[in-house]
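This report concerns only the one structure given below.
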Amino acid sequence: MTQLSSNDVPSMGRRQFMNLLTFGTATGVALGALYPVANYFMPLRAGGGGGGTSAKDELGNPITKTGWLANHQAGDRSLVQGLKGDPTYLIVNEGGEIGEFGLNAICTHLGCVVPWDSGANKFICPCHGSQYDTNGKVVRGPAPLSLALAHVDIEDDTVLVKQWSETDFRTNENPWWA
Ligand code: FES
């Protein structure tokens, strides 16, 4: 029987090198196959449209300024579907016009939708009692932050809601939501 000298047998280093080549390639193939699968499960992004969407009522119909003001008096704060479908308050100001900012109704504590209490002139969260003033600034905890702002614009009678990324005028700080 012929004996192989130790020089003819691949050393540990060479074996590890071959392992690296083989499994490296196999990992590449596996990652290539997994990438589209992972992407498939990521929700599609909604269309950008300059960061704005039209405000919608509870049935999903776009809101018009004339239609809204016909049914909502000065001082009214009512919910519409705003950015990303978040419940957002449109404010009718004292002049009877739709205010230039809307308030995201999601409580900054744990996310309950905060109702407007016209008697107390505040937003009062029923879940743990957080309170926000007429502009959505937090005035009582446990909520740590004020309600998020959104721009409200009127274009051709349609009410549009847009991302608010400027300074928060209530606190003079950068917006925590942008
Ligand atoms: S979720 Fe509003 S106070 Fe807790």
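- Side-chain contact between Asn121 and Thr134 is present, with heavy atoms from C-beta onward closer than 4.5 Å.
- In terms of heavy atoms, His109 sits closest to Ala143 at CB-CA, 3.9 Å.
- Leu69 and Val92 make their closest contact through CD2-CG1, 4.0 Å (heavy atoms, listed as atom of the first residue, atom of the second, distance).
- No hydrogens or angles considered: nothing links the side chains of Thr158 and Asp156 as a donor-acceptor pair under 3.5 Å.
- Between Cys127 and Cys112, the SG-SG separation falls below 2.5 Å.
- At most 12 non-hydrogen atoms from other residues, nucleotides or ligands lie less than 6.0 angstrom from CD of Glu100.
- The shortest distance between side-chain heavy atoms of Pro175 and Thr167 does not fall below 4.5 Å.
- Closest non-hydrogen pair, Ala105 versus Tyr89, comes out as CB-CE1, 3.4 Å.
- Between Leu83 and Ala150, the closest heavy-atom pair is CD1-CB, 4.5 Å.
- The CZ atom of Phe101 sits 4.0 Å away from atom CD1 of Ile91, with the distance rounded to the nearest 0.5 Å.
- Considering only heavy atoms from C-beta on, Asp168 comes within 4.5 Å of Trp177 through its side chain.
- Pairing each heavy atom of Val113 with each of Pro87, the nearest pair is CG2-CG, 3.8 Å.
- Here the SG-CG distance, from Cys125 to Asp117, works out to 12.5 Å after rounding to the nearest 0.5 Å.
- In this structure, Val114 and Tyr132 have side chains that are in contact, with non-hydrogen atoms separated by less than 4.5 Å.
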Item checked: Candidate pair Glu58 and Leu79, rule side-chain contact (heavy atoms from CB on, under 4.5 Å), full reasoning -> CA-CA 9 Å; Glu58 63 271 40; Leu79 286 171; over 6 Å; no
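- Between the Gln81 side chain and the Asp57 main chain, a donor and an acceptor come within less than 3.5 Å of each other.
- In terms of modelled atom types and a separation under 3.5 Å, the side chain of Asn93 and the main chain of Gly95 share a donor-acceptor contact.
- Taking the six-membered ring for Trp and thresholds of 30 and 60 degrees, Trp164 and Phe169 have ring planes inclined between 30 and 60 degrees apart.
- Trp68 places a side-chain heavy atom less than 4.5 Å from the side chain of Ser78.
- Taking the side chain as every heavy atom from C-beta outward, Thr53 and Leu160 never approach each other to under 4.5 Å.
- Residues Val139 and Phe123 do not share a hydrophobic cluster, clusters being chains of Ile/Leu/Val/Met/Phe/Trp/Tyr side chains in contact below 4.5 Å.
- Rounding to the nearest 0.5 Å gives a distance of 11.5 Å between NZ of Lys162 and OG of Ser54.
- Using a cutoff of 4.0 Å between basic side-chain nitrogens and carboxylate oxygens, Glu155 and Lys65 are not scored as salt-bridged.
- In summary, Lys122 and Asp133 do not engage in a salt bridge, as defined by a charged side-chain N under 4.0 Å from a carboxylate O.
- Note that CD1 of Ile63 is 5.5 Å distant from CG of Leu90, once rounded to the nearest 0.5 Å.
- Annotation: side chain of Tyr35 is not in contact with side chain of Leu31 (no heavy-atom distance under 4.5 Å).
- Using a 4.5 Å cut-off on side-chain heavy atoms (C-beta onward), Val138 and Leu145 make no contact.
- Separating the CG atom in Leu103 from the CG atom in Asp86 is a distance of 12.5 Å, to the nearest 0.5 Å.
- Taking CD1 of Ile124 as the start and CH2 of Trp116 as the end, the distance is 9.0 Å to the nearest 0.5 Å.
- When all heavy atoms of Pro10 and Arg14 are compared, the pair lying nearest together is CB-CB, 4.1 Å.
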Next item on the list: Test side-chain contact (heavy atoms from CB on, under 4.5 Å) on Val159 and Thr64 and set out the steps.
Entry: CA-CA 6 Å; Val159 180; Thr64 59; 5.9 Å; no
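- Checking Asp157 against Thr66 by side-chain atom types alone, a donor-acceptor pair falls below 3.5 Å.
- Following chains of ILVMFWY side-chain contacts shorter than 4.5 Å, one cannot reach Phe17 starting from Phe23, and the two form parts of different hydrophobic clusters.
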